Every structure is written in C-alpha cells, then in structure tokens.
Student: 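Let me begin by handing over the structure; questions about it come next.
Just so you know, ligand 1 is whichever comes first in the structure, and atom 1 is the first atom listed for that ligand. Below, all heavy atoms of this structure are taken into account, side chains as well, without hydrogens, waters or symmetry copies. Note that the coordinates shown come from a computational prediction; the quantities given were computed from them, not determined experimentally.
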Amino acid sequence: MIKIAPSILSADFARLGDEIARVEAAGADQIHVDVMDGRFVPNLTIGPPVIEAIRRRTRLPLDVHLMVVEPERSLEAYVKAGASALTVHVEAAPHLHRTLHRIRELGCRAGVALNPATPPAAVEYVLDDLEVLLVMSVNPGFGGQEFIPATYAKVRRLSTLLGGRPAELAVDGGVRVEHCERLVAHGATTLVAGTAIFGAQDAGEVIRRMRAEGAKARPAP
Ligand code: DX5
Ligand code: ZN
C-alpha cells in the first residue's frame, strides 16, 4: 500500500505537537521531518532537541530528511533523538556507501535523497545499501513550491534501477492530490506532502484522496 508522509515543514511550529496529533489521527503513515542547516540549503529549521520532543508525541515512524552538509557528523545525535529513518543527500555525502552503513549500524533505516538535477545513476552502486530513495520534486529548502514534472520520468528510471529491491521510493516537494496517481504509476511507493496536507482544513480528506489516487495506479492486493 502507498504510504503518506506529511512534512511538518508546513505545520504551525508554534503548535507542533497538536499538528502532529492532527495528521496522525488523519491517517498518516509516517512523519517527514525536514532538517536544514542554512548551508546545504538556504534555510534553517530544527535539530535533535525538537525531534526528541516530537518522538514523545507520536507513535508514527519519524523519517528525518537531512538537508545538511557533512551529515556523517551528526548521525548519532539524530538516531538518539528518535529518528526511524535517516536520509542524507547524495550531493552532500561524498562517502555515501560508508555513511549509509553507519546509519544502519546505528539501528536506523538508511536513505538517500536526490536533488532535481542529480541523475539516477548517482545512486546506482548503493542500491543494496539503503531502505529509502527520496526523489526531490522541488529544489530543497522551502515548502510550498511547484512540483517539477521531470520527476515522473526520474521516478520511473529509479524504480527500474531498484528492480525487485524492497526499498521505499519516495517523492518529496510540491506533491498534491492530482500528482499521486501518475507518481504511483511510475513506481513511487511513498508520497511526502507538506502544504497539501497541513494547509488543508481537513487533513484526513487529503490523505484519503492521495491514497485513493495512488490505489488507482496500484490497487491494494
Ligand atoms: C523541501 C522539503 C519538503 C517540502 C514538502 O525542502 O524537503 O519536505 O517542504 O513540503 P511541500 O509539500 O509544501 O513542498
Ligand atoms: Zn523533505
């Protein structure tokens, strides 16, 4: 089944605990946590102390998306804070194979994210070393941007490269209900959405519609 991961970047940070409870009750499968360092991307968000606080407020897995330079320096802190998956950017991790193995060693699911301009071949030789492939469908740094249509072909290509491997193929950035059927048809298994979910009055309705659109492309067995 398709997984829906609300990105808390678009939540009301002053009411973060309630916002997370709202999307958990609305049927979210996991919480997507965007960490930005003001260097890899021109924006700054949250770090381990906030993740630790979130961990106490929800039972859902916390998928932490690290948009930071030198991610290998802070892996332990994020795992300790309660991350269920740690996704690093291939553009920021020159020793990617080692970094992924370190994440796994720490008992966490390992993920790699690709910026829109990064070719699928950049991850070809680490496909056996990860649990999550995160395809950016906007340039990372901000919520509420426009979905980049070239993402569909990229998802298809990565899905082919993955072959039968069980890794999650997630799409992140500008995802709205109208993109979901086509993304899943191209091979996406997880849909990350910030504005579309947190910006809605009824988050549950958006999550249900996203799931239903995905199910049109890949009906549940
Ligand atoms: C972008 C982040 C995304 C994004 C999702 O830098 O990684 O998670 O904020 O939010 P929307 O759906 O608003 O693009
Ligand atoms: Zn993200």
Side-chain angles (χ1 to χ4, degrees), residues 2-13 16 19-20 22-23 26 28-47 50-51 54 60-69 71 74 78 83-93 109-118 130-152 154-155 158 168-180 182-184 188-201 203 205-207 209-211 213-214:
I2 300 310
K3 288 185 181 163
I4 308 292
S7 158
I8 59 163
L9 188 59
S10 311
D12 177 352
F13 273 100
L16 192 52
E19 289 277 79
I20 288 169
R22 173 161 82 99
V23 293
D29 297 291
Q30 53 207 38
I31 301 292
H32 182 89
V33 182
D34 286 313
V35 173
M36 304 185 185
D37 66 349
R39 290 185 63 203
F40 181 68
V41 291
N43 197 2
L44 196 60
T45 56
I46 60 167
V50 176
I51 293 173
I54 297 172
L60 296 179
L62 301 181
D63 275 18
V64 177
H65 177 191
L66 290 177
M67 286 160 276
V68 306
V69 298
S74 47
Y78 287 101
S84 317
L86 271 184
T87 294
V88 299
H89 267 264
V90 57
E91 304 85 5
R109 302 171 74 231
V112 178
L114 297 89
N115 277 341
T118 302
L130 51 79
E131 278 75 39
V132 182
L133 260 186
L134 185 72
V135 185
M136 292 309 300
S137 39
V138 298
N139 289 290
F142 303 94
Q145 303 182 77
E146 276 296 301
F147 178 87
I148 298 171
T151 307
Y152 293 118
K154 193 166 172 182
V155 169
L158 285 166
E168 240 176 62
L169 185 48
V171 180
D172 181 17
V175 174
R176 297 182 177 279
V177 171
E178 60 264 33
H179 304 122
C180 295
R182 199 163 159 204
L183 282 174
V184 173
T189 64
T190 301
L191 304 167
V192 178
T195 309
I197 293 176
F198 282 103
Q201 284 279 36
E205 200 212 325
V206 176
I207 292 175
R209 285 175 59 209
M210 286 183 154
R211 231 190 270 290
E213 288 297 306

Student: May I ask you to identify, for Ser10, whether its side chain, its backbone, both or neither come under 4.0 Å of ligand 1 on a heavy-atom basis?
Tutor: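 Only the side chain of Ser10 comes within reach of ligand 1.
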Student: Please confirm whether Gly141 approaches ligand 1 to less than 4.0 Å, judged on its heavy atoms.
Tutor: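 Checking ligand 1 against Gly141, which is what was asked, there is a heavy-atom contact under 4.0 Å.
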Student: With only distance considered, is Asp172 within less than 3.5 Å of ligand 1 through an N or O on each side?
Tutor: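 Yes.
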Student: Purely on distance, is any nitrogen or oxygen of Met136 under 3.5 Å from one on ligand 1?
Tutor: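 So ligand 1 has no N or O lying under 3.5 Å from an N or O of Met136.
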Student: Give the ring-plane orientation class for His179 versus Phe147, where under 30° counts as parallel, over 60° as perpendicular and anything between as tilted.
Tutor: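 Rings of His179 and Phe147: parallel, as their planes differ by under 30°.
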Student: About how large, to 10 degrees, is the angle ND1 of His65, then the Zn ion (ligand 2), then NE2 of His32?
Tutor: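 Roughly 100°, rounded to 10°.
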Student: Going through the distances and angles, do His65 and Asp34 end up as a side-chain hydrogen bond (donor to acceptor under 3.5 Å, both in side chains)?
Tutor: CA-CA 5 Å; His65 177 191; Asp34 286 313; 3.1 Å; yes
Student: Under a 4.5 Å cut-off applied to non-hydrogen side-chain atoms, are Met210 and Val177 in contact?
Tutor: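 A side-chain contact under 4.5 Å exists here.
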Student: Could you tell me whether Ala196 and ligand 1 have an N or O pair separated by under 3.5 Å?
Tutor: no
Student: Specify side chain, backbone, both or neither for Thr195, according to which of its non-hydrogen atoms lie closer than 4.0 Å to ligand 1.
Tutor: both
Student: Using the Zn ion (ligand 2) as the apex, give the angle to atoms OD2 (Asp172) and OD1 (Asp34), rounded to 10 degrees.
Tutor: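 The two atoms subtend 180° at the Zn ion (ligand 2).
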Student: Please examine the side chains of Leu62 and Tyr78, heavy atoms only from C-beta on, and report whether any two atoms are closer than 4.5 Å.
Tutor: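 Sidechains of Leu62 and Tyr78: no contact.
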Student: For ligand 1, is there an N or O atom under 3.5 Å from any N or O atom of Ala193?
Tutor: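 Not met; the criterion fails.
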Student: Does ligand 1 have an atom under 4.0 Å from some heavy atom of Arg176?
Tutor: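 The answer is no, since Arg176 has no heavy atom less than 4.0 Å from ligand 1.
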Student: Could you check Thr118 against Glu91 for side-chain hydrogen bond (donor to acceptor under 3.5 Å, both in side chains), going step by step and ending with a plain yes or no?
Tutor: CA-CA 8 Å; Thr118 302; Glu91 304 85 5; 2.5 Å; yes
